[in-house]
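What follows is a single structure, written as structure tokens, with notes after it.
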Amino acid sequence: MLIALPARAGEATVAGRKVAYREWGAGDRVLVMLSGLGDGAATFDAVGPKLAKGWRVIAYDRAGYGGSADDPAVHDAARAEAELKGLLAALGVKRPVLLGHSLGGVFAAYYAARNPGEVEALVLEETRPTGFTEACAARLKFGCTFPPLLKYVFPAGGRREAEAIAQSEREEAETAGGATPTLILTRRNSGQGGFDGLWLAQQAKLLERWPAARLEAAPRGGHYVHRDAQDWFVGQVTGFLGGLPAPRTSSAPAG
């Protein structure tokens with residue numbers, strides 16, 4: 001029986017503000033997980049220890065979530081990039097694999113596109129496809145934007161991110177993607193139309209932006225693949241990480 005390792009809690013200072021994080025495992029190779037809108041690092045508590053096999057796994061609370069101090073600035077993709085860059089520097093992490101769920105996937109993709117040499121690989125779980133809001137409005141006419149009242153059930157950081165979703169989408173769309181090895185995980189394809197059908201069809205936009213990607217659909221569940229199909233999710237991510245080439249090591253010249 002596999003016993004899940006408890007998370008080690010920590011905090012770092014980024015731009016004078018506290019950022020809380022939790023981590024599992026150890027090693028030179030690092031997987032950093034970015035939660036979706038309204039969720040803090042705790043959303044990954046069940047899968048974090050299962051992914052920490054030879055890897056150091058980190059999940060963190062963005063500003064205004066969990067134990068992280070709020071930030072009155074606009075919470076768009078650019079701010080998320082600056083925060084993540086500062087956290088990685090504070091923790092001494094170089095070339096991590098980034099795993100992002102939903103809006104966290106938008107932030108992870110934006111970071112990788114802006115810093116291609118600093119990201120080893122990407123895992124995009126149910127990431128909002130590039131240009132999805134525009135495509136949805138043209139096809140469905142309703143249900144394409146975030147319900148304004150729903151944001152009030154979120155912590156402060158979630159409310160600020162909800163208010164900046166359109167801006168974050170535009171910022172991510174303006175990047176060029178790249179050749180970073182990428183695994184795209186989506187919800188189960190039920191064969192239905194509507195919002196879910198369009199969402200899955202639009203995942204092709206991510207494949208176009210990340211040509212080194214492969215797409216896999218979960219056998220069951222919905223938007224929270226890491227909860228609804230947990231074992232499948234862990235197997236997919238573990239297999240992907242195991243298939244990445246070993247990092248090059250430098251050796252001193254003989255003499």
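The analysis underlying the following values was restricted to heavy atoms, covering all of them including side chains, and did not include hydrogens, waters or symmetry mates.
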What's the spacing between His223 NE2 and Glu126 CD if we round to 0.5 Å?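 Between His223 NE2 and Glu126 CD, I get 5.5 Å after rounding to 0.5 Å.
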For the atom pair CD1 (Ile58) and CG (Leu34), what is the distance rounded to the nearest 0.5 Å?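 Result: 11.0 Å between the selected atoms.
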Count the heavy atoms of every other residue, nucleotide or ligand shown that sit under 6.0 Å from [atom1] of [X], and state whether that count exceeds 12.
X	atom1	answer
Lys205	NZ	no
Arg114	CZ	no
Arg29	CZ	yes

Exactly one candidate in Thr182, Leu206, Leu200, Thr186 meets side-chain contact (heavy atoms from CB on, under 4.5 Å) with Leu215; the answer is Thr186
Search all heavy atoms of Ala112 against all heavy atoms of Trp210 and return the closest pair with its distance. CB-CH2, 3.9 Å
Looking only at heavy atoms, which two atoms of Pro96 and Glu118 are closest? And how far apart? CD-O, 3.3 Å
Any chain of hydrophobic side-chain contacts (each under 4.5 Å) joining Tyr110 to Tyr60?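 They do not share one cluster, since no chain of ILVMFWY contacts under 4.5 Å joins Tyr110 to Tyr60.
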Following the transitive rule for hydrophobic clusters with a side-chain heavy-atom cut-off under 4.5 Å over Ile, Leu, Val, Met, Phe, Trp and Tyr, establish whether Val74 and Leu103 coincide in one cluster. no
Is the NZ or CZ atom of Arg187 positioned over Trp199's six-membered ring, under 6.0 angstrom from the centre and within 45° of the axis? yes
Salt bridge (charged side-chain N to carboxylate O under 4.0 Å, His left out) pairs, two or more places apart, involving residues 65-75: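 As it turns out, the salt bridge (charged side-chain N to carboxylate O under 4.0 Å, His left out) pairs with a partner in residues 65-75, which skip direct neighbours, are Asp70-Arg160, Asp71-Arg79.
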Please determine whether salt bridge (charged side-chain N to carboxylate O under 4.0 Å, His left out) holds for the pair Arg62 and Glu161, giving the CA-CA distance in whole Å, both sets of side-chain angles, and the decisive distance to 0.1 Å. CA-CA 10 Å; Arg62 293 191 297 275; Glu161 288 179 346; 2.6 Å; yes
Sidechain N-carboxylate O distance under 4.0 Å for Glu134, Arg170: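 No.
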The salt bridge (charged side-chain N to carboxylate O under 4.0 Å, His left out) partners of Glu171 (sequence neighbours excluded) come to none
Is it the case that the ring center of His101 lies less than 6.0 angstrom away from the ring center of Phe44? no
Looking at Phe132 versus Phe195, is the centre-to-centre ring distance below 6.0 Å? yes
